[in-house]
Amino acid sequence: MDLKQIITLHLDGASNRRIGSILGISRNTINTYMQLFTACQYSFQQLLNFDSAALSELFSCHTTVDTARHNELMLYFERINKARNHPGFTFLHHYQQYVGHAQDAYSYTQFLEHYRRKYPKEKGSMKLDHLAGEEMFIDFAGKKLHIVDKQTGEIIPVEVFVAILPCSQYTYVQACMSQKRGDLIDSCVGALRYYGGVPKAIISDNLKSAVNRASKYEPDINRSFKDFAFHYNCAINPTRGYSPQDKALVENAVHLAYQRIYYPIREMTFFSLEDLNREISKLLQSYNSLIFKRKESSRIELFQTVERQYLKALPDRPYELKDYKRAKVQKMGYVYFSPDKSYYSVPYRFIGKETQIHYTQSRIEVFHNHQRIAMHQRNLAKGAYITNTDHLSSTHKFYSDWNPEFFRQKAAPHGQHVLQCVEKILIAQDYPEIGYKRALGVIQLYRAYGSQRLDQACKRALDTDACSYIRIKNILKNNMDKVPLYEGDLQNANDHIPFHSNIRGASAYE
């Protein structure tokens, strides 16, 4: 300590507090020396004429340093620096170890003060004020946890996702298999569900699963991550590259996770990700319930009372990860979906157009020029044709509707006997398509002869057990529906069927 500097600054009119601030010495120490200078037999000017050695000898009891004690502390600091990067590091832990073996230990305050003097920070920092409900910081921890495969005994490393709301510092932690796009988005969905709301922006790192191209001014956000943000009505705001101070709170949350979560489970063995996350959830609840020393409240209390009300509501359904495929609409009016080798219908007017398929685990959406033209529930069956009848043209829709109930509904307006005759035709055929064609032929006869005559002709066909398209047509053509039916008319009805017509009809329809 240069005592001449203290005297010189005092003579220049500096206060004891100012002198202490300039020289980096405690104000109480300056006060003590000033009292000693004043009480000694020399004036301040005379004291300046002494050389430094003489001054040190004059005030030796206050300038002598316990070299052995100080050196012991400096050597211990070198051990501390080797452990600084270990998960869960705290100064308090090492101070307690230092007290255990030091003969004359410094106080905890002096311990920290000496450390900061020996290893001063090169850069200052600015305290950022965070508004409630404004942001959610996310990051992956640098250290991994592990699960064990029961079958093989393999130790599998897993990633740990950390999210924090900076205003209340309410923290969420989840283990996942990787930092890939799907796991990142799934973890973000879990965090928003845990918070029960959505902030205005998500502050992410520049990892590849979130950002395609990092930029200080306009980063290129990954398409799926951008789609996730659109679903939850929030923004993605990546930090600047190589600027961890932009998300210092989540960096600090990661270090706290090492202490509060990693360390307590260090001797536990987990056989699945679900078991690991279940234990993390228990420890996380305790962590968020710890009381801040200065705020006299916990993270969960601050969240409930201050921040929760400013979060936006969650959407009705959680986000599902989307993937994308391109496909051309085929002549049939379907697009081919290659992952499942299946086909999905689109409106027939888009035949020949290029489309883009957006798909999730449960849904298929088809877009043309950024406009959705079709949506289907995903069918995982290979080679399936999934059809929305509204997409078909009028002709295709007519044929696609063919089934027994369709023909019953078509026959019913023309009379009870027409309906009975159609039902009998449908039942008589093993191959449904043949019966559909014949039933349609019978129903279409009303166009030439009217519904009333068709009903009478079908009645005569039923009575004579002659329910076929050709026989009903001949009954109408020969006006036999107008002739009363007598005994033996079955033979007469058959006699009125021209031989060649019967043969031709049989070859074409029967």
Side-chain angles (χ1 to χ4, degrees), residues 176-189 208-213 220-233 236 315-407 409-410 429-437 440:
C176 55
M177 293 307 299
S178 71
Q179 294 188 19
K180 293 181 180 179
R181 179 188 56 170
D183 289 317
L184 170 67
I185 291 178
D186 183 64
S187 298
C188 287
V189 171
K208 281 295 183 183
S209 54
V211 180
N212 291 331
R213 178 179 52 82
D220 180 19
I221 310 298
N222 178 282
R223 181 174 187 174
S224 296
F225 204 38
K226 191 184 296 183
D227 190 55
F228 156 81
F230 177 77
H231 180 83
Y232 283 97
N233 189 26
I236 303 297
D316 294 335
R317 54 183 177 82
Y319 177 78
E320 289 185 274
L321 180 64
K322 283 186 178 180
D323 279 304
Y324 308 92
K325 289 287 182 183
R326 291 190 174 276
K328 186 175 182 179
V329 183
Q330 301 178 356
K331 291 182 178 180
M332 300 181 298
Y334 291 80
V335 291
Y336 176 65
F337 181 57
S338 56
D340 296 340
K341 298 182 180 179
S342 53
Y343 300 83
Y344 291 86
S345 67
V346 299
Y348 69 94
R349 63 182 179 276
F350 293 101
I351 290 174
K353 305 291 185 182
E354 291 289 343
T355 65
Q356 188 172 66
I357 302 174
H358 298 191
Y359 64 96
T360 67
Q361 287 295 321
S362 61
R363 198 168 64 255
I364 299 287
E365 295 176 287
V366 184
F367 287 80
H368 174 67
N369 289 340
H370 307 290
Q371 179 184 4
R372 189 173 69 188
I373 60 175
M375 183 171 72
H376 298 271
Q377 290 297 314
R378 186 171 177 179
N379 189 333
L380 299 177
K382 302 293 183 183
Y385 281 81
I386 295 85
T387 306
N388 182 342
T389 55
D390 292 337
H391 295 161
L392 303 178
S393 65
S394 56
T395 303
H396 292 169
K397 186 175 181 180
F398 177 76
Y399 284 105
S400 70
D401 287 340
W402 280 12
N403 57 59
E405 185 59 33
F406 172 79
F407 288 102
Q409 292 177 2
K410 289 289 184 182
Q429 301 301 323
D430 293 332
Y431 185 64
E433 291 293 331
I434 294 176
Y436 294 160
K437 290 179 181 179
L440 181 62

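Given the structure is predicted, the values throughout are model-derived calculations rather than measurements.
- The backbone N or O of Glu354 lies less than 3.5 Å from a partner atom in the side chain of His368, making a donor-acceptor pair.
- Between Arg372 and Glu365, at least one side-chain N (NZ, or NE/NH1/NH2) sits under 4.0 Å from a carboxylate O, which counts as a salt bridge.
- With Asn379 contributing its side chain and Ala381 its backbone, the two residues share a donor-acceptor pair below 3.5 Å.
- Between Arg181 and Asp186 no salt bridge is recorded (no basic side-chain N to carboxylate O distance below 4.0 Å).
- Distance check: Lys410 NZ to Leu440 CG gives 9.0 Å after rounding to the nearest 0.5 Å.
- Side-chain contact between Ile373 and Phe367 is absent, with no heavy-atom pair separated by less than 4.5 Å.
- Considering CZ of Phe350 and OG1 of Thr355, their distance stands at 10.0 Å, rounded to 0.5 Å.
- Side-chain contact between Tyr343 and Phe337 is absent, with no heavy-atom pair separated by less than 4.5 Å.
- The shortest distance between side-chain heavy atoms of Val346 and Tyr334 does not fall below 4.5 Å.
- For the pair Asp183 (side chain) and Ser178 (backbone), a donor-acceptor distance under 3.5 Å is present.
- For residues 375-385, the salt bridge (charged side-chain N to carboxylate O under 4.0 Å, His left out) pairs, not counting sequence neighbours, are Asp340-Arg378.
- Note: His376 and Tyr344 have tilted aromatic rings, judged against thresholds of 30 and 60 degrees for the angle between ring planes.
- The number of heavy-atom neighbours closer than 6.0 Å to CD of Gln371, taken from other residues, nucleotides and ligands shown, is 12 or below.
- In this structure, Tyr336 contributes its side chain and Gln330 its backbone to no donor-acceptor pair below 3.5 Å.
- Distance OH/Tyr385 to OG/Ser342: 10.0 Å, rounded to 0.5 Å.
- Judged by distance alone, with hydrogens and angles left aside, the side-chain atoms of Thr360 form a donor-acceptor pair with the main-chain N or O of Arg363 at under 3.5 Å.
- By the salt bridge (Lys or Arg N to Asp or Glu O under 4.0 Å) test, Arg317 is found to be paired with no residue, residues two or more places apart in sequence or in another chain being considered.
- Residues satisfying the side-chain contact (heavy atoms from CB on, under 4.5 Å) test with Phe230, not counting sequence neighbours, are none.
- Tyr319 and Tyr232 have tilted rings, their planes meeting at an angle from 30° to 60° on a 0 to 90° scale.
- Of all non-hydrogen atoms in Ala374 and Ser345, the two that sit nearest each other are CB-O, 3.7 Å.
- Rounding to the nearest 0.5 Å places CZ of Phe228 at 7.0 Å from CD1 of Ile185.
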**OP:** Verify side-chain contact (heavy atoms from CB on, under 4.5 Å) between Asp227 and Tyr324, making sure each step is shown before the conclusion.
**Re:** CA-CA 12 Å; Asp227 190 55; Tyr324 308 92; 4.1 Å; yes
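- When all heavy atoms of Lys325 and Pro339 are compared, the closest pair comes out as CE-CG, 4.0 Å.
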